[in-house]
Amino acid sequence: MTLRFLGTTSDDGDCPTLYEIEGTDEILVQGERETDPEHLVELRDVKPSETFVRVPRSLLTRYAPKSDVPQLQPFASIAHLFEEFRHTAWRLETRRGYASDRTSPKWARWLAGEDIASGPANAWRENVRAQTAQGKRFERVRIVDEPPTQGQQFLMASAPTNTAAGEDIRNLTRAEADRLRLPDFDFWLFDSKILARFAFDEKDTTLGVYVTEDPAEVLAACQARDAGWHHAVGTEEFARRVRSTV
């Protein structure tokens, strides 16, 4: 079982912090250990394995989940949201590669040295054009390692096909993402209201999405979006920076 970062009220990268223990209905709390003897003597029914930490009320108010843990759904279950959203569809991409990229025809062409910066229209890009023509926004922040992985290089090479359709794609180094304490999972955020968090297997294959409107989870995603978007660099500029270091 893995931990999923929910949020923190610390500005210095330390405690207090909340985590979700995935696959359970339990929350892990990080904070300063309670050492006041007057408080400890008043605690009841304490097992030898238990300890107690202090956290600010604001941490629980902002980030403690308010609803049941969402169930895993097929990605197709959110397909309608890419047409029905009203303002912004925002994506965070955190992985070092995606199975869907490696099995696409463009992957083989790219490995062969072909230019994949342009391509014929497809359903995704046609929808992006239709939605952005109405004033809506498709935006992504992609986290990139230093040096970039093969999968990340492929995404930088193919990004112009999506940006030409109307997406605004930006990139952020993993070191900067870690400094900003961005989540370590992929998600789509629709209109700052609906969060769809991806689940992957060990081979980078999408297993589905967890969809929620839980205020605490949506707020954490909005904060990640604001921090990531502010520091991220446009695709063309980022690619130039990467090429200059090779």
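Between the side chain of Asp36 and the backbone N or O of Glu38, at least one donor-acceptor pair lies under 3.5 Å. Under a 3.5 Å cut-off, the side chain of Lys136 and the backbone N or O of Glu83 do form a donor-acceptor pair. A donor-acceptor pair under 3.5 Å is formed between the side chain of Gln153 and the backbone N or O of Pro148. The closest donor-acceptor contact from the side chain of Ser77 to the backbone of Gln73 lies at 3.5 Å or more, if one exists at all. Not a single donor-acceptor pair under 3.5 Å links the side chain of Thr205 to the backbone N or O of Asp201. No side-chain donor-acceptor contact under 3.5 Å links Asp191 to the backbone of Lys193. Thr206 places no side-chain N or O within donor-acceptor distance of the main-chain N or O of Gly208, the cut-off being under 3.5 Å.
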Derivation of the side-chain contact (heavy atoms from CB on, under 4.5 Å) call for Ile27 and Ile21: CA-CA 6 Å; Ile27 302 298; Ile21 304 176; over 6 Å; no

Step-by-step side-chain contact (heavy atoms from CB on, under 4.5 Å) determination, Val55 to Thr9: CA-CA 9 Å; Val55 297; Thr9 51; over 6 Å; no

Arg197 and Glu22: CA distance, side-chain angles, deciding distance, salt bridge (Lys or Arg N to Asp or Glu O under 4.0 Å) verdict: CA-CA 12 Å; Arg197 175 168 53 88; Glu22 293 197 325; 2.9 Å; yes

Steps toward side-chain contact (heavy atoms from CB on, under 4.5 Å) verdict (Arg96, Arg174): CA-CA 10 Å; Arg96 292 173 171 84; Arg174 192 169 300 278; 3.2 Å; yes

From CA spacing to verdict: side-chain contact (heavy atoms from CB on, under 4.5 Å), Leu189, Ile194: CA-CA 6 Å; Leu189 179 64; Ile194 301 174; over 6 Å; no

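With hydrogens and angles left out, the side-chain atoms of Glu217 and Thr212 include no donor and acceptor closer than 3.5 Å. Side chains of Gln131 and Asn127: a donor-acceptor N/O pair is present below 3.5 angstrom, by distance only. Between the side chains of Arg33 and Thr51, at least one donor N or O sits under 3.5 Å from an acceptor N or O.
The heavy-atom pair separating Ala232 from Val141 by the smallest distance is CB-CG2, 3.9 Å. Nearest heavy-atom pair across Pro160 and Ala157 is CD-O, 3.4 Å. Looking at every heavy atom in both residues, Ile143 comes nearest to Gln152 through O-NE2, 3.5 Å. What you find for Ala196 and Phe190 is that their closest heavy atoms are CB-CE1, 4.5 Å. Taking all atoms of both residues into account, the shortest heavy-atom contact from Thr235 to Met156 is CG2-O, 4.5 Å.
Annotation: side chain to side chain contact (heavy atoms under 4.5 Å, CB included) contacts of Ser100 (sequence neighbours excluded): Tyr98. Residues passing the side chain to side chain contact (heavy atoms under 4.5 Å, CB included) test with Ala175, sequence neighbours excluded: Glu146, Thr173. Qualifying side chain to side chain contact (heavy atoms under 4.5 Å, CB included) partners for Thr17, counting only residues two or more places apart in sequence or in other chains: Phe5, Thr8, Tyr19, Gln30, Arg181. Applying the side chain to side chain contact (heavy atoms under 4.5 Å, CB included) test to Val128 and every residue at least two apart in sequence or in another chain returns Trp124, Thr132, Phe138, Ala165, Glu167. Residues passing the side-chain hydrogen bond (donor to acceptor under 3.5 Å, both in side chains) test with Arg125: none are found, sequence neighbours excluded. Taking the side-chain hydrogen bond (donor to acceptor under 3.5 Å, both in side chains) definition, one finds that Gln150 meets it with nothing, sequence neighbours left out.
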Throw together a table of side-chain donor-acceptor distances under 3.5 angstrom for residues 85-95, partners on residues two or more places apart or in other chains.
unit_1 : atom_1 : unit_2 : atom_2 : d
Thr88  : OG1    : Arg137 : NH2    : 3.0
Arg91  : NH2    : Asp186 : OD2    : 2.8
Glu93  : OE1    : Arg142 : NE     : 2.7
Glu93  : OE2    : Arg140 : NH1    : 2.5
Thr94  : OG1    : Asp186 : OD1    : 2.7
Arg95  : NE     : Asp204 : OD1    : 3.4
Arg95  : NH2    : Asp204 : OD1    : 2.7

Please tabulate, for the side chains in residues 114-121, all donor-acceptor contacts under 3.5 angstrom to protein atoms that are two or more places apart in sequence or on a different chain.
unit_1 : atom_1 : unit_2 : atom_2 : d
Glu114 : OE1    : Arg109 : NE     : 3.2
Asp115 : OD1    : Ala117 : N      : 2.9

Between side-chain atoms of residues 221-228 and protein atoms elsewhere (two or more places apart, or another chain), which donor-acceptor pairs fall under 3.5 Å?
unit_1 : atom_1 : unit_2 : atom_2 : d
Gln223 : OE1    : Tyr63  : OH     : 2.5
Arg225 : NH1    : Ser192 : OG     : 2.6

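Open room surrounds CD on Glu32; 12 or fewer heavy atoms of other groups in view lie less than 6.0 Å from it. Within a 6.0 Å sphere centred on CD of Glu236, heavy atoms belonging to other residues, nucleotides or ligands number 12 at most.
Cluster annotation: Val233 is not connected to Leu172 through the hydrophobic network of ILVMFWY side chains, with a link wherever side-chain heavy atoms come within less than 4.5 Å. In the hydrophobic clustering of this structure, Leu40 groups with Val46; members are Ile, Leu, Val, Met, Phe, Trp, Tyr whose side-chain heavy atoms approach within less than 4.5 Å, directly or through other members. Linking Ile, Leu, Val, Met, Phe, Trp and Tyr whenever their side-chain heavy atoms come within less than 4.5 Å puts Val211 and Phe198 in one cluster. Hydrophobic clustering (side-chain heavy atoms under 4.5 Å, transitive across Ile, Leu, Val, Met, Phe, Trp, Tyr) groups Phe187 together with Trp229.
Taking the side chain as every heavy atom from C-beta outward, Val29 and Pro16 never approach each other to under 4.5 Å. Using a 4.5 Å heavy-atom cutoff, the side chains of Pro215 and Val218 are not in contact.
Note that the CG atom of Leu18 and the CG atom of Leu3 stand 11.5 Å from one another [nearest 0.5 Å]. The distance from the CD1 atom of Ile169 to the CZ atom of Phe238 is 13.0 Å, given to the nearest 0.5 Å. The line from CG of Leu111 to CZ of Arg102 is 11.0 Å long, rounded to the nearest 0.5 Å. Taking CG from Leu195 and CG from Leu219, the interatomic distance works out to 11.0 Å, rounded to the nearest 0.5 Å.
Separation of the Phe200 and Phe185 ring centroids does not fall under the 6.0 Å cut-off.
The ring-ring contact (aromatic ring centres under 6.0 Å, His included) contacts involving residues 20-44 comprise nothing, where partners must be two or more places apart or lie in separate chains. Legend: salt bridge (charged side-chain N to carboxylate O under 4.0 Å, His left out) pairs involving residues 45-54, not counting sequence neighbours, sorted by first then second residue: Glu34-Arg54.
The hydrophobic cluster around Leu207 extends to Leu72, Tyr210, counting ILVMFWY residues whose side-chain heavy atoms fall within less than 4.5 Å of a member.
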